[in-house]
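Working notes, structure below.
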Amino acid sequence: MKADITPAVGKLRVFRRLMSRRSAVAAMLVLALVVIPCAAAPLFARYDPSAQPDIIALRSQPPSFAHPFGTDPFSRDVLSRVLYGGRVSLAVALIATLVSITFGTAYGAVAGFAGGAVESEMMRLLDALLSIPRLLLLIAVFAAWRQLPLPAFVLIVGFTGWYGLSRVVRGQVLALKGQDFVASARALGAGRARILMNHILPNVLTPVIVAAALGVGHVILLEAGLSYLGVGVQQPQPSWGNIIQDGSDQIARLWWISFFPGVAIVVTVMAFNILGDELREALEPRQTGAG
Amino acid sequence: MTGYLLRRIAQAVVVVVLVATIAFFLIHLAPGDPFAAAVENPNVSEGVRAHWRDAYGLDRPLPEQFVRYIASVTKGDLGWSFSLQRPVLDVLADALPHTLLLMSIALTASFALGIFLAITQVMKRGSATDRIISGVSLLFFSTPEFWLALMVIVLLAYRFPVFPIGGMVDPVTHSSLGPVFRIVDVARHTVLPALTLTLLFSAVVARYQRASLLDVLPSEYITTARAKGVPERVIVRRHALRNALLPVITLFGLAFPALLTGAVYVEKVFSWPGMGLVIVNSIDTRDYPLLMAAVIIGSILVTAGSLVADLLYRAFDPRLRHEG
């Protein structure tokens, strides 16, 4: 166990270890195949996602060569909407996760490093925060605050998702605080801030990176759910969740509207989950037996 | 033990009050209110709106509203639902048993299926069976609840119309059915929502149980059993499972909030008349008292869940049984 915490995790070695695992490579490939077309949606989408080219002749068309994912009742091209919607869904998930891990790492590190009464109060607050039913609170808040601008939505989602990581980071920091390399840094006259920033934080990156990969997948699901309920990303801006919502009223007849964005979600979230698991393996090879 | 329990309950009460406070201000500080023209019928005159605000106390200063709300909640009154024109407590009391019915079926089925799958995987670890089950678990683990529910409806209610598309009873025939057929009617309506939740949650249980079994297997008592020539099947089922069940029992308590989340989506898609549907329906009407009650009850479930998890752990772990 102790061997894992020493500061010698070479970046290159981790990357090589990751690339030697087949499922990790597959997950990254899948992510590239989803993320690139979505990020560069204007280049890949053949239609304007909100254009309604022919509301009579082209409405609710099943998948065809011209419209591989079909069209919706407004004659909008579903593939183009999934690409543009993916851009929104992925951006929301990435930024919200960034907010969560930044705040969660800072909170956990400060709590673990401070120790004493400060730590126990901070952890007590964390226990309370962990008991918040996240989805219900978000539903209630977004139902009251209608039409929130997207950045505010992202911030609120991010600020309700850091509690779990904080606990992990605090545990790691506690374990690191007693290590020899921290003591020697202190003996050399390094201040508290310097020890925390330069010596301890780089070594808690493992759980943070893993949490980030898993977190992105989780937020994609959360955003999709909120948008499906009508309290997430607001129309006319497409997101994977609200495109599924578009098709759900006539799901029996117009299955393709909801089906394809759902597949995009499942594939992307699965890839992030695999990547998270594989990163954990690459960053801290099996601890079992190593003692 | 009693001291521990009392301390935990006191802690839980503080947490619930804190959550209620946060939710109250986040909700009530929002611009506009449930009677603003954008939400209610725009033809209603401003005078009538003012009257409504007065009747529900929404025109009072926020701190006063908060004190009044907390006071009424401590007396067991969760307020009056604007949109349903009924006491919130009555609305939830009607809906809760329906949610509990669905949850208990899904929970039982998920744990049975999840533990069974994990045992199968661990007995054949590294094999194709192990990898396929892991892959399928991960697939369901990565699937949005509401989308899976929609796909289940498309497949088993429309494409192959085996089961009803939603609701809990047949709205036309149910009242004229005999008692046995009423139960059959409810059972038929339960299949698809319960199936959706089971698919989602057994994946979580299987992943958790498999990891927990693999953690236990390198233990010395397992090596001892192996050295004595105990077959692998018996080792996994009898020796390893006993100890590997502990973390999964904890999962049982922690499952409360996850299942509540699942219920929100699954009840919405299947129009299942439970708490989740009540909550979703109160979004459009901005029914503050109902939304507040949902958050409060949700946080009670979360804290109760983690307390139950702790107690189960103590009850099942002989090492903790005799400690204070």
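Letters A, B, ... mirror the listed sequences (proteins, then strands); counts begin at 1.
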*Among A:Ala128, A:Ala143, A:Pro133, which residue forms the greatest number of heavy-atom pairs with chain B at distances under 4.5 Å?*
A:Pro133
*Give, as side chain, backbone, both or neither, the part of B:Phe140 having an atom under 4.5 angstrom from any heavy atom of chain A.*
neither
*Which one, B:Val19, B:Val14, B:Ile27, leads in non-hydrogen pairs under 4.5 Å with chain A?*
B:Ile27
*At what distance, to the nearest 0.5 angstrom, does CZ of A:Arg124 lie from CD of B:Gln11?*
7.0 Å
*Greatest number of heavy atom pairs closer than 4.5 Å to chain B - which of A:Leu136, A:Ile265, A:Leu148*: A:Leu136
*Salt bridge between B:Asp215 and B:Arg210, side-chain N to carboxylate O under 4.0 Å?*
no
*Are any of the side-chain nitrogens in A:Asp127 or A:Arg167 under 4.0 Å away from the carboxylate oxygens of its partner?*
yes
*Engaged part of B:Val154 at the chain A interface, taking heavy atoms whose separation is under 4.5 Å*: side chain
*Which of B:Trp147, B:Tyr158, B:Tyr288, B:Phe141 touches chain A most, by non-hydrogen pairs under 4.5 Å*: B:Trp147
*Largest heavy-atom contact set with chain B, pairs under 4.5 Å, which of A:Ile132, A:Val231, A:Leu229*: A:Leu229
*Using the six-membered ring wherever Trp is involved, compare the ring planes of A:Trp255 and A:Phe259 and label them parallel, tilted or perpendicular (cut-offs 30° and 60°).*
perpendicular
*Non-hydrogen atoms of chain A under 4.5 Å away: do they reach the side chain of B:Leu18, the backbone, both or neither?*
side chain
*Residue among A:Pro261, A:Gly241, A:Ser258 with most heavy-atom pairs under 4.5 Å to chain B*: A:Ser258
*Flag the one option from B:Leu139, B:Ile279, B:Leu301 with the top tally of heavy-atom pairs under 4.5 Å to chain A.*
B:Leu139
*Side chain, backbone, both or neither: which part of A:Phe272 has an atom under 4.5 Å from a heavy atom of chain B?*
neither
*Output yes when a side-chain donor or acceptor of A:Asn242 lies under 3.5 Å from a complementary backbone atom of A:Ser239, and no otherwise.*
yes
*Using a cut-off of under 4.5 Å on heavy-atom pairs, state which of A:Leu135, A:Val267, A:Val263, A:Ile274 scores highest against chain B.*
A:Leu135
*Using the ring of each side chain (for Trp, its six-membered ring), is B:Phe146 parallel, tilted or perpendicular to B:Tyr265, with breaks at 30° and 60°?*
tilted
_Contacting region of B:Leu29 [heavy-atom separation from chain A under 4.5 Å]_ = both
_Please identify, among B:Ala23, B:Ala12, B:Pro144, the residue contributing the most non-hydrogen atom pairs under 4.5 Å to chain A._
B:Pro144
*Under 4.5 Å, counting heavy-atom pairs only, tell me which of A:Val141, A:Asp277, A:Asn273 racks up the most with chain B.*
A:Asn273
*Give a yes or no on whether B:Ile165 atom CD1 has more than 12 heavy-atom contacts from other residues, nucleotides or ligands under 6.0 Å away.*
no
*If you measure from CG on A:Leu226 to CZ on A:Phe153, what distance do you get to the nearest 0.5 Å?*
5.0 Å
_Looking at A:Phe159, is its backbone amide N or carbonyl O close enough to the side chain of A:Trp162 to form a donor-acceptor pair, meaning the two atoms are under 3.5 Å apart?_
yes
*Under a 4.5 Å heavy-atom cut-off, does chain B meet the side chain of A:Ile220, its backbone, both or neither?*
neither
_Please check this pair: side chain of B:Arg226 against backbone of B:Thr223, looking for a donor-acceptor N/O pair closer than 3.5 Å._
no
